[in-house]
A.B. asks: 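Below: one structure in structure tokens.
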Amino acid sequence: TVTDLSGIIIYTNPAEAVMHGYTVEDLIGSPARSIAPEQIRREMTQAEINGMKGSTRETVNIRKDGTVFPISRTTDVVREQNGNPLFVVSVSEDITEKKRTQEKIRESEKKYRDLVDNMQDLVYIVDANGDIQFVNQAVADRSGFEVEELKGKSINDFFTKESLKYLEDIYKQRTTGEEVGVYELNY
């Protein structure tokens with residue numbers, strides 16, 4: 001969408017119009033702020049336009065039927081050779097599905113986190129250097145440390161030499177795709 005310096009739409013493409021429930025003809029000549037919900041509608045000042053540099057942000061727009069939906073908007077100013085602003089150009093993308101997917105991932109992660117945190121089995125994740133990246137509450141309860149105290153510590157500080165050797169062998173087996181099964185360690 002292209003607007004003049006007073007915020008009036010002078011060009012929009014069919015996809016942008018359809019995304020908002022309008023035709024191109026409906027939008028040409030209307031204020032760009034008319035596709036923003038009332039609580040966030042405002043005119044840009046000349047100082048804001050003069051100082052504008054390309055930016056992308058997430059916000060919301062409103063369809064003709066009143067439905068509010070999330071968008072990602074990239075906005076920039078087209079300038080004359082001397083730097084004076086001519087037009088404001090914005091590209092909007094409907095990110096409704098992206099937001100739904102993110103919410104589903106958050107819900108799934110929460111379920112996983114709740115499951116792992118409430119297990120009685122010890123669950124821990126270490127990086128390739130043997131530094132602890134994650135432990136569940138059962139590890140903290142049995143070790144006498146708080147969960148946050150354990151993060152970043154070396155696993156070498158908690159297991160016997162025999163267990164560490166066994167862990168190293170298991171790690172090698174897993175990286176080659178071998179089946180490992182259930183195993184016990186001493187710490």
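Keep in mind that the numbers below use all heavy atoms, side chains included, and drop hydrogens, waters and symmetry copies.
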A.B. asks: Are Glu48 and Glu43 close enough that some pair of their side-chain heavy atoms sits under 4.5 Å apart?
C.D. replies: no
A.B. asks: Test of understanding: clusters of I, L, V, M, F, W, Y form through side-chain heavy atoms closer than 4.5 Å, transitively. Do Phe145 and Val139 belong to the same one?
C.D. replies: yes
A.B. asks: In this structure, would Ile9 and Val2 fall into the same cluster of hydrophobic residues linked by side-chain contacts under 4.5 Å?
C.D. replies: no
A.B. asks: Do Thr101 and Lys104 come within less than 4.5 Å of each other through their side chains, counting heavy atoms only?
C.D. replies: no
A.B. asks: Val88 and Ile28: same hydrophobic cluster, using ILVMFWY side-chain contacts below 4.5 Å?
C.D. replies: no
A.B. asks: What is the minimum heavy-atom distance between Pro85 and Ile49, and which atoms define it?
C.D. replies: CB-CG2, 3.7 Å
A.B. asks: May I have the step-by-step check of side-chain contact (heavy atoms from CB on, under 4.5 Å) for Glu16 and Asn13, ending in yes or no?
C.D. replies: CA-CA 6 Å; Glu16 179 92 7; Asn13 65 41; 3.3 Å; yes
A.B. asks: Would you compute the distance between atom CG of Asn156 and atom CD1 of Ile132 and round it to the nearest 0.5 angstrom?
C.D. replies: 9.5 Å
A.B. asks: Do Asp127 and Gln133 pair up side chain to side chain, a donor and an acceptor below 3.5 Å, judged on atom types alone?
C.D. replies: yes
A.B. asks: Phe134: what forms a ring-ring contact (aromatic ring centres under 6.0 Å, His included) with it, not counting sequence neighbours?
C.D. replies: none
A.B. asks: Could you give me the CA-CA distance, side-chain angles and deciding distance for Thr12 and Thr1, then say whether side-chain hydrogen bond (donor to acceptor under 3.5 Å, both in side chains) is met?
C.D. replies: CA-CA 4 Å; Thr12 192; Thr1 300; 3.0 Å; yes
A.B. asks: Has Tyr171 got more than 12 heavy atoms of other residues, nucleotides or ligands less than 6.0 Å from its OH?
C.D. replies: no
A.B. asks: Is it true that Lys110 and Asp117 have a side-chain N and a carboxylate O under 4.0 angstrom from each other?
C.D. replies: no
A.B. asks: So, Glu179 and Arg174, do they make that salt bridge, N to O below 4.0 Å?
C.D. replies: no
A.B. asks: Salt bridge or not between Glu148 and Lys151? Use side-chain N to carboxylate O under 4.0 Å.
C.D. replies: yes
A.B. asks: When you measure from the side chain of Asn118 to the backbone of Asp114, do you find a donor-acceptor pair of N or O atoms at a distance under 3.5 Å?
C.D. replies: yes
A.B. asks: By the salt bridge (charged side-chain N to carboxylate O under 4.0 Å, His left out) test, which pairs, at least two apart or in different chains, include something from residues 154-168?
C.D. replies: Lys165-Asp169, Glu168-Lys172
A.B. asks: Would Glu97 and Arg100 pass as an ion pair if we require N to O under 4.0 Å?
C.D. replies: yes
A.B. asks: Considering non-hydrogen atoms only, spot the tightest contact between Lys99 and Pro70 and give its length.
C.D. replies: CG-CG, 3.9 Å
A.B. asks: Would you say Val147 and Val116 are hydrophobically clustered, going by side-chain heavy atoms of ILVMFWY under 4.5 Å?
C.D. replies: no
A.B. asks: Crowded around Glu146 CD? As in, over 12 foreign heavy atoms under 6.0 Å?
C.D. replies: no
A.B. asks: How close do Ser34 and Ile62 get, counting heavy atoms only, and between which atoms?
C.D. replies: O-CG2, 4.0 Å
A.B. asks: Rounded at 0.5 Å granularity, tell me how far CD in Gln46 sits from OG in Ser6.
C.D. replies: 10.0 Å
A.B. asks: Give a yes or no answer on whether the side chain of Asn129 reaches the backbone of Asp131 with a donor-acceptor pair at less than 3.5 Å.
C.D. replies: no
A.B. asks: Apply side-chain contact (heavy atoms from CB on, under 4.5 Å) to residues Val135 and Val123 and explain how you reach the verdict.
C.D. replies: CA-CA 6 Å; Val135 297; Val123 179; over 6 Å; no
A.B. asks: Apply side-chain contact (heavy atoms from CB on, under 4.5 Å) to the pair Val89 and Thr75, showing each step before the final yes or no.
C.D. replies: CA-CA 6 Å; Val89 178; Thr75 306; over 6 Å; no
A.B. asks: List the steps, then state whether salt bridge (Lys or Arg N to Asp or Glu O under 4.0 Å) holds for Lys98 with Glu103.
C.D. replies: CA-CA 9 Å; Lys98 176 183 172 185; Glu103 183 58 30; over 6 Å; no
A.B. asks: Once you round to the nearest 0.5 Å, how far does CD1 of Ile71 lie from CD of Glu93?
C.D. replies: 10.0 Å
A.B. asks: Under the 3.5 angstrom rule, does the side chain of Arg41 hit a backbone N or O of Arg33 as a donor-acceptor pair?
C.D. replies: yes
A.B. asks: Could you pull out the closest heavy-atom pair between Leu150 and Ser143, with the gap in Å?
C.D. replies: CD1-OG, 3.7 Å
A.B. asks: Tell me the closest heavy-atom pair linking Val77 and Met52, and the distance in Å.
C.D. replies: CG2-SD, 3.3 Å
A.B. asks: With the 4.5 Å side-chain cut-off for hydrophobic clustering, are Ile8 and Ile35 part of the same group?
C.D. replies: no
A.B. asks: Whether the Thr74 and Thr56 side chains hold a donor-acceptor pair (N or O, under 3.5 Å, no angle test) is what I'd like checked.
C.D. replies: yes
A.B. asks: What distance do Phe69 atom CZ and Ser92 atom OG have between them, rounded to the nearest 0.5 Å?
C.D. replies: 7.5 Å
A.B. asks: Under a plain distance cut-off of 3.5 Å, with no hydrogens placed, do Asn61 and Arg73 share a side-chain donor-acceptor pair?
C.D. replies: yes
A.B. asks: Look at atom CD of Glu38 and say whether more than 12 heavy atoms of other residues, nucleotides or ligands are closer to it than 6.0 Å.
C.D. replies: no
A.B. asks: Which value, rounded to the nearest 0.5 Å, describes the distance between Gln102 atom CD and Glu107 atom CD?
C.D. replies: 12.5 Å
A.B. asks: On a heavy-atom basis, which atom in Leu27 and which in Ser30 lie closest, and how many Å separate them?
C.D. replies: O-OG, 2.6 Å
A.B. asks: Quick one: CD on Glu80 to CZ on Phe87, what's the gap to the nearest 0.5 Å?
C.D. replies: 9.0 Å
A.B. asks: Check the pair Asp94 / Arg63 against side-chain contact (heavy atoms from CB on, under 4.5 Å), numbers first and verdict last.
C.D. replies: CA-CA 11 Å; Asp94 182 344; Arg63 292 188 176 93; 2.8 Å; yes
